[in-house]
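All remarks here apply to the structure that follows.
So that the names make sense, note that chain A is the first sequence line, chain B the second, and so on, each numbered from 1.
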Protein chains: 2
Amino acid sequence: MKLLDIGEIAERSGVAPSALRYYEEIGLITSAGRKGLRRQFGPETLLQLSLITLGKAAGFSLQEIAGMFGKDGQPDLPRDQLHARADALEAQIRELTVLKDALRHVADCPAPSHLECPKFQKLLRAGSITAEV
Amino acid sequence: MKLLDIGEIAERSGVAPSALRYYEEIGLITSAGRKGLRRQFGPETLLQLSLITLGKAAGFSLQEIAGMFGKDGQPDLPRDQLHARADALEAQIRELTVLKDALRHVADCPAPSHLECPKFQKLLRAGSITAEV
DNA sequence: CTGCCAATTCAAGCGAGCTTGAGGTCAAGG
DNA sequence: CCTTGACCTCAAGCTCGCTTGAATTGGCAG
């Protein structure tokens, strides 16, 4: 099995070496061992980093991401909790869709004040996050 | 026009008063004026806060959110930039979908190591975030 | 008019997620 | 064998997004 050192991982994943060391420190990833002082990572680390990057973009904390996929990329969680996570993601996807539609609306609607535009308000309310206005 | 003071806004939006003051400080929202010392907010602030909350959940920084919708809830950006933002959101939605599917996969796939499961790898690669493994 | 209580300011502090810098080690190429 | 440079550790520092606390003000009910 071919091992990669931190610079290689950094370059191919786009994650800075300092960040990779930090991730290891908090137990989010694990190095396969050391060559001298140098950490050696297995290639699966690249896949894990894809997941981590993905999760971060989604607004999850590193702790939450660690909870979804253990250090080794295996889930620590029981199935139903994973599905619950997936459900939460679906909800978030719906919210993002609302935001996206809101943006498209403001880009296109000629109304003077979007916040007063009924269509716009309806969009937001569809997000179900809206406070009781 | 009915104005609300900060406590009312906080309660109805779920955003803490200290956070609201902070948002005003950084120019993300604007108060309609003061009654004595007390900030008074127009009801449209509640809608703005919905957008802000939405944007935060999506992983945007307050600066980025401010860029999408100006202080007054009106966009500062030209149409095409707004559409570009929306496009970026769509991309993010696709990524989230990948993450969601990945979670469902790990919940259901009986394979010993998901990172080695071809289906799983295909899922990740579909996210197009994956480094060249 | 009094007193309460919600609101104010301002400075300091906090947790997350890294980055930076100083000083040290060591694997590999010439 | 020697140099180079990528790696190491550890502590300190930084940005973001707030929260907390102390000291003060002032709107409003009684």
Query - Donor-acceptor pair, side chain of A/Q92 and main chain of A/A58, under 3.5 angstrom - result: yes

Rounded to the nearest Å, what distance is computed from the [atom1] atom of residue [X] to the [atom2] atom of nucleotide [N]?
X	N	atom1	atom2	answer
B/L20	D/dC18	CG	P	10 Å
A/I29	C/dG17	CD1	P	14 Å
B/Q63	D/dG17	CD	C1'	11 Å
B/Y22	C/dT8	OH	P	18 Å
A/E24	C/dC18	CD	P	15 Å
B/L28	D/dC16	CG	C1'	13 Å
A/E64	C/dA16	CD	P	11 Å
A/I52	C/dC18	CD1	C1'	14 Å

Report task. Give a yes or no on whether a donor-acceptor pair under 3.5 Å exists between the nucleobase atoms of C/dA7, that is its base, and the side chain of B/R39. Result -> no

Query - 5' precedence on DNA chain D between B/K35 and A/R34 (nearest-nucleotide basis) - result: A/R34

Requested in this report: Could you pick out which residue, B/F60 or A/G7, lies toward the 5' side of DNA chain D when each is mapped onto its nearest nucleotide?
Outcome: A/G7

State which of [options] makes the closest approach to the side chain of [X].
X	options	answer
A/R38	C/dT19, D/dC7, D/dT19	D/dC7
B/I6	D/dG17, C/dC26, C/dA7	C/dA7
A/A19	D/dT19, C/dT19, C/dT25	C/dT19

Query raised in the report: Phosphate oxygens OP1/OP2 of D/dC8: is one of them under 4.0 Å from a side-chain N or O of A/R21?
Result: yes

Query raised in the report: Does B/Y23 make a side-chain N or O approach to OP1 or OP2 of D/dG17 shorter than 4.0 Å?
Result: no

Query raised in the report: For A/K2 and A/Q40, what are the C-alpha separation, side-chain angles and deciding distance, and is it a side-chain contact (heavy atoms from CB on, under 4.5 Å)?
Result: CA-CA 9 Å; A/K2 60 165 189 172; A/Q40 299 300 118; over 6 Å; no

Query raised in the report: Does the side chain of B/L46 reach to within under 4.5 Å of the side chain of B/F41, using non-hydrogen atoms?
Result: no

**Report entry** B/K35 vs B/D5 side-chain heavy atoms within contact, under 4.5 Å
**Finding:** no

Query raised in the report: Under 4.0 angstrom, heavy atoms only, what part of the nucleic acid is B/I26 near: base, sugar-phosphate, or nothing?
Result: nothing

Report task. May I ask you to decide whether B/R104 forms a salt bridge with A/D87, counting only side-chain N to carboxylate O separations under 4.0 Å? Result -> yes

